[in-house]
A.B. asks: 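I'd like to ask some things about the structure below.
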Amino acid sequence: MLIDVHCHLNLYLVPEEIISEAQQIGVEKIIAVAMSAVSQKRIMDLSERFKAVYPALGIHPQEVQENKNIYKELDEIIDFITIHSDKLCAIGEIGIDHYFVKDNTLWPLQEKIFKTMLGLAQKFNLPVNLHVKGAEKEVFEILPTYNLPNINIHWYSGPQDLVKIGLDRGYFFSITPAIEYSPPVKKTVELCAPTNLLLESDGPVRYHNQTGTPSMIPYVLKKLSEIKNIPKNDLKDQILENTKKIFNKIF
Ligand SMILES: [Zn+2]
């Protein structure tokens, strides 16, 4: 069984096609991660309509520049997450981003939202799905101050020494189709133990000229098995075990 642990399923025009394509190729479960206030509701709707879809709710770190009203909407989002907490498999996509969000006057709000989301994860004993682009050090400093069941760092391309720290702390690193062309992603895979790897599409983000979809997961697995020099089926079993460990609520 293959699982896409990070997909923005609400952003596809026809999500049912994306889900059925994925299932035909062996991707049986998809974790749909939220970004905005609007996406929280769409993600819950999708998870109610499709058995293969498991919801994660949270506020993406880029929301501080996408939505000038995010501060005002925060309480409502916290209520929505609280009401649905028993249906969630994770809090995500959350984090800090100092790479795409260059305006540092937005950073304090970004950090406040991130810490609020971590507080919810701790309260409901849920793992987190993290975006750490350009703020890897900051996020790694904050994480030990919370008591979280498990941590998934998504699309990691930051400093290599932090990967080692993450592994020591038992974090899981999910790998995207960017493994095809991105040297930092390849480096993350090289540094990661097989016991700490997960698979994700981050769809519908674009990879070169192709829209990302959960159907790319078997390809990501193939690339990982080549880089790690582990037979594909062995690695597939290991990654399934890893996924069960962190996202036990989807099984
Ligand atoms: Zn994402």
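Bear in mind that the values here come from a model prediction, so they are computed numbers and not experimental data.
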A.B. asks: Hey, is Glu141 close enough to Lys137 for a salt bridge, meaning N to O under 4.0 Å?
C.D. replies: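 The answer is yes: the pair qualifies as a salt bridge.
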A.B. asks: With sequence neighbours excluded, what pairs up with Tyr54 under the side chain to side chain donor-acceptor pair (under 3.5 Å) test?
C.D. replies: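 Lys29.
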A.B. asks: Parallel, tilted or perpendicular for Phe80 and His84, by the 30°/60° rule?
C.D. replies: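 The arrangement is tilted - the two ring planes meet at 30° to 60°.
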A.B. asks: Applying side chain to side chain contact (heavy atoms under 4.5 Å, CB included) between Ile91 and each of Ile59, Leu118, Leu130, Val128, report the one that passes.
C.D. replies: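 The residue from Ile59, Leu118, Leu130, Val128 that satisfies side chain to side chain contact (heavy atoms under 4.5 Å, CB included) with Ile91 turns out to be Val128.
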A.B. asks: Compute the ring centroids of Tyr156 and Tyr171, then answer whether they are less than 6.0 Å apart.
C.D. replies: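 Not close enough - the centres of the two rings lie 6.0 Å or further apart.
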A.B. asks: Taking all heavy atoms of Glu93 and all of Pro61, pick out the closest pair and write down the distance.
C.D. replies: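 What the structure gives for the nearest pair is O-CD, 4.3 Å.
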A.B. asks: So His60 and His131, would you call those rings parallel, tilted or perpendicular, with 30° and 60° as cut-offs?
C.D. replies: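 Taking His131 first and then His60, their aromatic rings stand perpendicular (interplane angle over 60°).
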A.B. asks: Pair Lys245, Asn242 - check side-chain hydrogen bond (donor to acceptor under 3.5 Å, both in side chains), show working.
C.D. replies: CA-CA 5 Å; Lys245 228 180 198 173; Asn242 305 344; over 6 Å; no
A.B. asks: Give a yes or no on whether the backbone of Gly58 and the side-chain of Gln40 come within a donor-acceptor separation of less than 3.5 Å.
C.D. replies: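 A pair under 3.5 Å: yes.
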A.B. asks: Hydrogens and angles aside, do Asp202 and His6 bring a side-chain donor and acceptor to less than 3.5 Å of each other?
C.D. replies: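 Looking only at side-chain atoms, His6 and Asp202 do form a donor-acceptor pair, the distance falling under 3.5 Å.
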A.B. asks: Would you say Arg42's side chain and Leu9's backbone share a donor-acceptor pair under 3.5 angstrom?
C.D. replies: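 Such a contact is absent between Arg42 side chain and Leu9 backbone.
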A.B. asks: Would Trp155 and Tyr99 count as a ring pair (Phe, Tyr, Trp, His ring centres under 6.0 Å) here? Give the steps.
C.D. replies: CA-CA 14 Å; Trp155 199 332; Tyr99 179 84; over 10 Å; no
A.B. asks: So, does Lys228 use its side chain to make a donor-acceptor pair with the main chain of Val189 at under 3.5 Å?
C.D. replies: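 Yes; judged by distance alone, with no hydrogens or angles, the pair exists.
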A.B. asks: Say whether, by atom type as modelled, one donor and one acceptor occur between the side chain of Asn196 and the main chain of Phe173 under 3.5 angstrom.
C.D. replies: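 No; judged by distance alone, with no hydrogens or angles, the pair does not exist.
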A.B. asks: Would you find a donor on one side and an acceptor on the other, under 3.5 Å apart, between the side chain of Asp97 and the backbone of Phe100?
C.D. replies: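 Flag set: sc Asp97 to bb Phe100 pair under 3.5 Å.
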A.B. asks: Thinking salt bridges, do Glu226 and Lys232 make one under a 4.0 Å N-O criterion?
C.D. replies: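 Lys232 and Glu226: not salt-bridged.
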A.B. asks: Report, as yes or no, whether the 6.0 Å neighbourhood of atom NZ on Lys112 holds more than 12 heavy atoms from other residues, nucleotides or ligands.
C.D. replies: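 No, NZ of Lys112 has 12 or fewer neighbouring heavy atoms, counting only those of other groups under 6.0 Å.
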A.B. asks: Take Ile77 and Ile70 through the test side-chain contact (heavy atoms from CB on, under 4.5 Å) and record every step on the way to the result.
C.D. replies: CA-CA 9 Å; Ile77 294 172; Ile70 189 67; 3.9 Å; yes
